[in-house]
Amino acid sequence: MKQFRRRTRICILSLLFLSVVAPILLLYESKGFIEDLSSFKGRRELLRLNLVKQEEGGGLREPILNIYKDVTFDPVVSSGSPVLGVKSDEPAENNDITKRNAGEPDAKGNNDVTKRNDAQPQERRVMDKKIKEMKDQLIRAKAYLSFALPAGNTHLIKELRLRVKELERAMGDAGKDSDLSKRAFQRMRAMENSLQKAGRIYPDCSSMVKKLRAMTNNAEEQVKVQKEQEAFLVQLAGRTTPKGLHCLSMRLTAEYFALNPEERKLPSNPDVHDPNLHHFVVFSDNVLACSVVVDSTVSTTKDPRKIVFHVVTDSLNFAAISMWFILHPPKQAKIQIHNMDGFDWFSTKYDPPNTDSQDPRYTSTLNHLRFYLPDIFPVLNKIVLLDHDVVVQKDLIRLWRVNMMGKVNGAVKTCQGHDPAFRRMDLLLNLSDPMVGKRFSDKACVWAFGVNVFDLQEWRKRNLTNVYNQYLQLGKKKPMWKAGSLPLGWMTFYNQTTGLDQKWHVHGLGYHSGIKQEDIAQAAVIHYDGVMKPWLDIGIEKYKTYWRKHVKFNHPYLQQCNIT
């Protein structure tokens, strides 16, 4: 009898060891997370057929023997890519949540998975002992039910099914032991008695181990499919124009063309070309985003009379953006709207890159226009480029006093492994190519677009627009970089970039949910680079406050278009 009990204990311990994925199994079984997406229909149907075979007693496909680790899966999306036409140029490889988790370890040797899990609320990453034991019991009971028990034990099958229902009902949505009622603990003891009966009737531990291992493999397949669906949906949401923004643009466009031709122009001001003033430029096709950038910049400066804003857009959005600033001109500051189709010289100088991508970050001409700043503003000596997904929190006039040390570009560098935007040169550049590997070092410190000070005089002197075009043409002949204009910027301004203080530009608010509050508070500019923009439903909620305070929600068009 003692030997029999010993064998039973060994079997139970083995089951407990192999059932570490019980929370995952219950999560997917109880909530049915597999969505109806045509892109993944084939794999989903295959999984369903696999599960049907299990119920019919056909067994599960046993995987190659592995050591399965207990991993916490975070259902909260924390990363992404730019959204409409022109975005901050974060590469898709780094915006994708699942791929960022496999990135470089930080200075302390911790990778992004560890940091993200540490940021989760305590009740979500720590499971109390009794809760975990109950979930283990449910997995064991369902595993026993999948076996054909010896004849004459139908009463045990009924008993196990009853215990499963009772325990699931008693647990409910409890996430910690303190949420459990006394009845739940009674159900737990009753389940343990039933499991001991099943262990005596069916003591073949090796079969149970094989079954649970196969169940683990099947659960991991479901998790993989779910992650693919999650990444697909996030990227789709990020590249789709929200209905409210489309409505706003259409209403403004209609009102613009309802005006008389002489009323469609902003007040004429010769100072918009004065090189002694402080000039900012934004490339965008998003009227709401432009309004926030301009409003936040003007509202934080001490002397708005010295500010000139240049908004460069395409012909499709020129009317809407012009109409917005006709209705809401920036206080005391000057503004000029440029239609890129009006640049007659551009078609002869720019030859778009070859790409099959449908991602607007890679196909948008507006993203590449930033490399033609000296041509767009021939009389200016210095200009500050702001991405349209930024919010300015402090006066930026001091950027004109930054010592450029003879360099062309001033930007915040991302050289540290613990920086959310950290990337190495070889992530986006093909350094295995002899020409690329000879010219660029994988140890070079990289930087981010979003807040950039450009010395246009030095730019013209070094003819960097021609350098950009040379790399653009070489990239058509062989793969030198991954799609997007960020790697082209690294190549064009290589050894021509001086570092700005980190407080000028804090990025990552569009994909990283763990940015410190004090870093945001001290930043002159915060950047929603990534897929989760503040104007989208998928935006990170705790960061939206900084952006919303510059949105004119009382405007009748925003109310009529349900922009909240």
Side-chain angles (χ1 to χ4, degrees), residues 74 76-83 87-90 94-95 97 100 106-108 110 112 115-121 238 280 282 286 288-302 384-399 402 410-423 447-453 499-551 553:
D74 186 2
V76 179
V77 177
S78 61
S79 88
S81 66
V83 182
K87 323 290 179 220
S88 60
D89 222 351
E90 300 302 325
N94 297 287
N95 292 333
I97 302 157
R100 283 191 57 82
D106 62 16
K108 297 181 181 179
N110 299 318
D112 211 32
K115 289 188 284 186
R116 192 174 63 157
N117 288 340
D118 288 343
Q120 296 176 17
F280 295 87
V282 179
N286 186 326
L288 197 59
C290 285
S291 71
V292 170
V293 176
V294 173
D295 183 78
S296 62
T297 305
V298 174
S299 64
T300 53
T301 188
K302 295 179 180 178
V384 171
L385 169 71
L386 296 176
D387 273 354
H388 76 166
D389 52 357
V390 305
V391 172
V392 179
Q393 300 187 126
K394 296 183 180 180
D395 194 348
L396 299 184
I397 299 299
R398 290 180 297 133
L399 284 174
V402 170
V412 170
K413 295 188 175 182
T414 55
C415 311
Q416 304 299 323
H418 58 78
D419 192 323
F422 169 73
R423 298 174 190 87
W447 47 272
F449 276 121
V451 181
N452 303 83
V453 184
L500 301 178
D501 189 283
Q502 297 290 326
K503 293 181 181 179
W504 279 113
H505 182 193
V506 169
H507 33 229
L509 277 73
Y511 63 87
H512 187 63
S513 60
I515 299 175
K516 296 180 180 178
Q517 183 65 36
E518 54 267 29
D519 291 342
I520 296 176
Q522 295 174 4
V525 178
I526 55 176
H527 192 179
Y528 294 85
D529 52 327
V531 71
M532 291 180 279
K533 302 297 185 187
W535 55 81
L536 296 176
D537 290 338
I538 61 172
I540 301 175
E541 191 62 34
K542 65 179 180 179
Y543 298 147
K544 288 186 177 182
T545 305
Y546 308 103
W547 189 81
R548 283 172 173 161
K549 67 181 180 181
H550 296 287
V551 178
F553 289 111

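FYI, the numbering just counts along the sequence from 1. Everything quoted here is computed from the prediction, not taken from an experiment.
- Judged by distance alone, with hydrogens and angles left aside, the side-chain atoms of Asn452 form no donor-acceptor pair with the main-chain N or O of Ala411 at under 3.5 Å.
- Annotation for Val390 and Val293: closest pair O-CG2, 3.6 Å, computed over non-hydrogen atoms.
- The two atoms that bring Leu386 and Val451 nearest to each other are CD2-CG2, 4.1 Å, heavy atoms only.
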Problem set entry | Pair Leu396-Val525, side chain to side chain contact (heavy atoms under 4.5 Å, CB included): steps then yes or no | CA-CA 9 Å; Leu396 299 184; Val525 178; 3.8 Å; yes
Problem set entry | Trace of the side chain to side chain contact (heavy atoms under 4.5 Å, CB included) decision for Val412 with Trp447 | CA-CA 6 Å; Val412 170; Trp447 47 272; over 6 Å; no
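- In this structure, a donor-acceptor pair under 3.5 Å is absent between the side chains of Asp529 and His507.
- The distance from the CG atom of Leu399 to the CG atom of Leu500 is 6.5 Å, given to the nearest 0.5 Å.
- No donor-acceptor distance shorter than 3.5 angstrom exists from the side chain of Lys413 to the backbone of Ala448, with no hydrogens or angles considered.
- In terms of modelled atom types and a separation under 3.5 Å, the side chain of Gln522 and the main chain of Lys503 share no donor-acceptor contact.
- Inter-residue side-chain proximity for Val402 and Val453 is flagged as unmet; no heavy-atom pair is nearer than 4.5 Å.
- Side-chain atoms of Ser299 come within 3.5 Å of backbone atoms of Ser296 as a donor-acceptor pair (strictly under, hydrogens ignored).
- Remark: Arg398 CZ to Asp501 CG distance equals 9.0 Å, nearest 0.5 Å.
- For Glu541, the side-chain hydrogen bond (donor to acceptor under 3.5 Å, both in side chains) test picks out Arg548, with sequence neighbours left out.
- Using modelled atom types, no side-chain atom of Lys302 and backbone atom of Ile397 make a donor-acceptor pair closer than 3.5 Å.
- Not less than 6.0 angstrom separates the ring centroid of His527 from the ring centroid of Trp504.
- Note that CE of Met532 and CD1 of Ile540 are 4.0 Å apart. Values are rounded to the nearest 0.5 Å.
- Ionic pairing of Asp389 and Lys533 is present here: one or more N-O contacts between side-chain nitrogen and carboxylate oxygen are shorter than 4.0 angstrom.
- Remark: the backbone N or O of Gly539 is not paired with any side-chain donor or acceptor of Tyr528 at under 3.5 angstrom.
- Proximity of a side-chain donor or acceptor of Gln502 to a complementary backbone N or O of Thr414 within less than 3.5 Å is not detected.
- Aromatic ring orientation, Trp535 versus His388: perpendicular (interplanar angle above 60°, classes split at 30° and 60°).
- Scanning all heavy atoms of the two residues, the minimum distance from Ala523 to Val506 falls at CB-CG2, 3.4 Å.
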For this session: Please assess Asp395 against Thr300 for the test side chain to side chain donor-acceptor pair (under 3.5 Å), listing each intermediate value before the final yes or no.
Result: CA-CA 5 Å; Asp395 194 348; Thr300 53; 5.9 Å; no
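- For the pair Tyr546 (side chain) and Ala521 (backbone), a donor-acceptor distance under 3.5 Å is absent.
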For this session: Apply side chain to side chain contact (heavy atoms under 4.5 Å, CB included) to the pair Tyr543 and Ile520, showing each step before the final yes or no.
Result: CA-CA 9 Å; Tyr543 298 147; Ile520 296 176; 3.6 Å; yes
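- Taking every heavy atom of both residues into account, Trp547 and Leu288 meet most closely at CH2-CD2, 3.6 Å.
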